[in-house]
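Following: one structure in structure tokens, then a few remarks.
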There are 2 protein chains.
Amino acid sequence: MKTYTAITVPTQFVEANGIRFAYRRWGKPGGIPLVFNQHFTGNLDNWDPAVLDGLTPEREVILFNNAGIASSTGEVPSTFAGMARNAEAFINALGLKQIDLLGFSIGGMVAQQIVIDRPELIRKLILIGTAPRNMDAGNGEGHITPETASIFGAAYNPPENLWLKVFFTDSEASQSAGRSFLKRYLSRTENRDASINEKVAPAQIAAVGEWGAQPGERFTYLKNIHHPTLVVSGNHDVIVYTVNSLHLVQNLPNAKLILYPDSNHGSWYQNHEEFVFEANRFLNT
Amino acid sequence: MKTYTAITVPTQFVEANGIRFAYRRWGKPGGIPLVFNQHFTGNLDNWDPAVLDGLTPEREVILFNNAGIASSTGEVPSTFAGMARNAEAFINALGLKQIDLLGFSIGGMVAQQIVIDRPELIRKLILIGTAPRNMDAGNGEGHITPETASIFGAAYNPPENLWLKVFFTDSEASQSAGRSFLKRYLSRTENRDASINEKVAPAQIAAVGEWGAQPGERFTYLKNIHHPTLVVSGNHDVIVYTVNSLHLVQNLPNAKLILYPDSNHGSWYQNHEEFVFEANRFLNT
């Protein structure tokens, strides 16, 4: 059997709910696969190959574009509940009965909704750079931090330099890690994913607004998520404020927190060797 | 050479600064020893044997009673700066040129002061259940949390059941871990340390008040502590609020945070296998 890497793994397609989902699936078979939920405006190529290639020797990983993203058909819903239903249809279409679930940033919000909808489907949960409903976003409009609005509102040349600001701190060490990440991100040169269309960002922004505005007592829904959970963030995450990770582990019944030093929203890319070690250990035990 | 455990290691004495310090030193020699700074009212026996016996296969550990505590002579100063000076005299008296430093609770406050006083002496730092100056203590008088005042103000039968409330949450699992800890704590039956006298608690309480009341901009002194630091707390620490650990890693230049689930001030005793694994890994790399 051919051994793929993040760079060589082909894109496959599966149909469910009237949507043709693009996905990539590879790694050591026979165990419980780890399904990845992507960040704002990201497609199949936006995951860090260093993280993926560190995890696949020990488990299968499954990346997918949710409905309306890049090479997947359909429309992006304007709520994470809607995105979760589509993700669940995708997981069902692959015939999976139990998975581990990873969500990064807004992907972590989708992941929380999936585990609420389908607790029996999930064994363990990894939430990275994300937040509970009714999160802290400073005084940002639409429950988006002022830094997020400012960073995503600026122009970058080349465009991918956006991620140096989103994922890394301004320190020299973090920016250097960011440039290494960009090289890895661009290292898949054949069969890259399609671009996202102009409807993706507005729908995802609407979903963040809805997620931030939940009425009622804060964080109570988290008490029902009993799954072993690993929460990861940077100590200076300006996209999804770090304190939200504290809210998660103070309200989830069984969640451990790791915060990495001198790191922003892309803490796990900056510290990919540490993250791979700790994620494999968490998932293997 | 005889192999000691936390239960069998003898107490030794060394004189410095006019104080006769009681200490215990054992474990794998030849590397950098790890020096422990104890919590409120604790003596040499209050460290968890499970943690100690998990660390000593890979390094030397040094426990000591600071001045005025239990079997050490002298007076307990009413500031952590004073306690740090005594600790430094003890470390000098052992002829140590470089150490790793661990501080638990108020011991973590002393440890911060030692690293500020003697940065070249310290290689790596482990801060557990502790707080920076000007910490968050709710509306507690003297910068002591209301829960601390209430828990230490109650009577317990047997007296050591105090630690079930100080170190563990009210959950069944945490209380069960607490009962296991108490067994370990009591398992040294010969050559236990002396009791503390009635002057210890007031002096330590005064030091907490002084630590909490620092004037000026919050947390700036932490920017000068560049040492690799591991910060550990429980997700529900009511003795030193968990948010103080977030303050530490958001202001120390090179600090990683681990928060354990369903745990209070004694998170590392409740999760001693995890802690030993992670502390050995942090110190060995």
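The sequence lines fix the lettering, A, B, ..., with proteins before strands; numbering per chain opens at 1.
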Q: Would you give the length of the straight line joining atom CZ of A:F277 to atom OG1 of B:T285, rounded to the nearest 0.5 angstrom?
A: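 Spacing of CZ (A:F277) from OG1 (B:T285) equals 9.5 Å.
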
Q | Nearest heavy atoms of A:P253 and B:P261, plus distance in Å | A |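 Scanning both residues completely, I find the closest heavy atoms to be O-CB, 4.5 Å.
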
Q.
So for A:L246, is it side chain, backbone, both, or neither that comes closer than 4.5 Å to the heavy atoms of chain B?
A.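 For A:L246, the contact with chain B is made by the side chain alone.
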
Q. Listed by residue number, which members of residues 217-241 of chain A have a heavy atom under 4.5 Å from any heavy atom of chain B?
A.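 Those residues of residues 217-241 of chain A which have a heavy atom under 4.5 Å from chain B are A:N235, A:H236.
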
Q: Using the salt bridge (charged side-chain N to carboxylate O under 4.0 Å, His left out) rule, collect all pairs that involve residues 102-127 of chain A, keeping only residues at least two apart or in two chains.
A: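 Sorted result for residues 102-127 of chain A: A:D100-A:R123, A:R118-A:E120.
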
Q) If you count heavy-atom pairs under 4.5 Å with chain A, which of B:I258, B:L252, B:D262 comes out on top? A)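 Top count of heavy-atom pairs under 4.5 Å with chain A: B:I258.
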
(Q) A quick test of your reading: do over 12 heavy atoms of other residues, nucleotides or ligands sit less than 6.0 Å from NZ of A:K256? (A)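 For A:K256, atom NZ is crowded (more than 12 foreign heavy atoms under 6.0 Å).
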
Q: Decide yes or no on side-chain contact (heavy atoms from CB on, under 4.5 Å) for B:R281 and A:R281, but give the supporting numbers first.
A: CA-CA 13 Å; B:R281 185 164 167 263; A:R281 186 165 166 264; over 6 Å; no

Q: Evaluate the side-chain contact (heavy atoms from CB on, under 4.5 Å) criterion for residues B:L257 and A:L257: first the C-alpha distance (whole Å), next the side-chain angles of each, then the deciding distance (0.1 Å), finally the verdict.
A: CA-CA 7 Å; B:L257 176 64; A:L257 176 64; 4.0 Å; yes

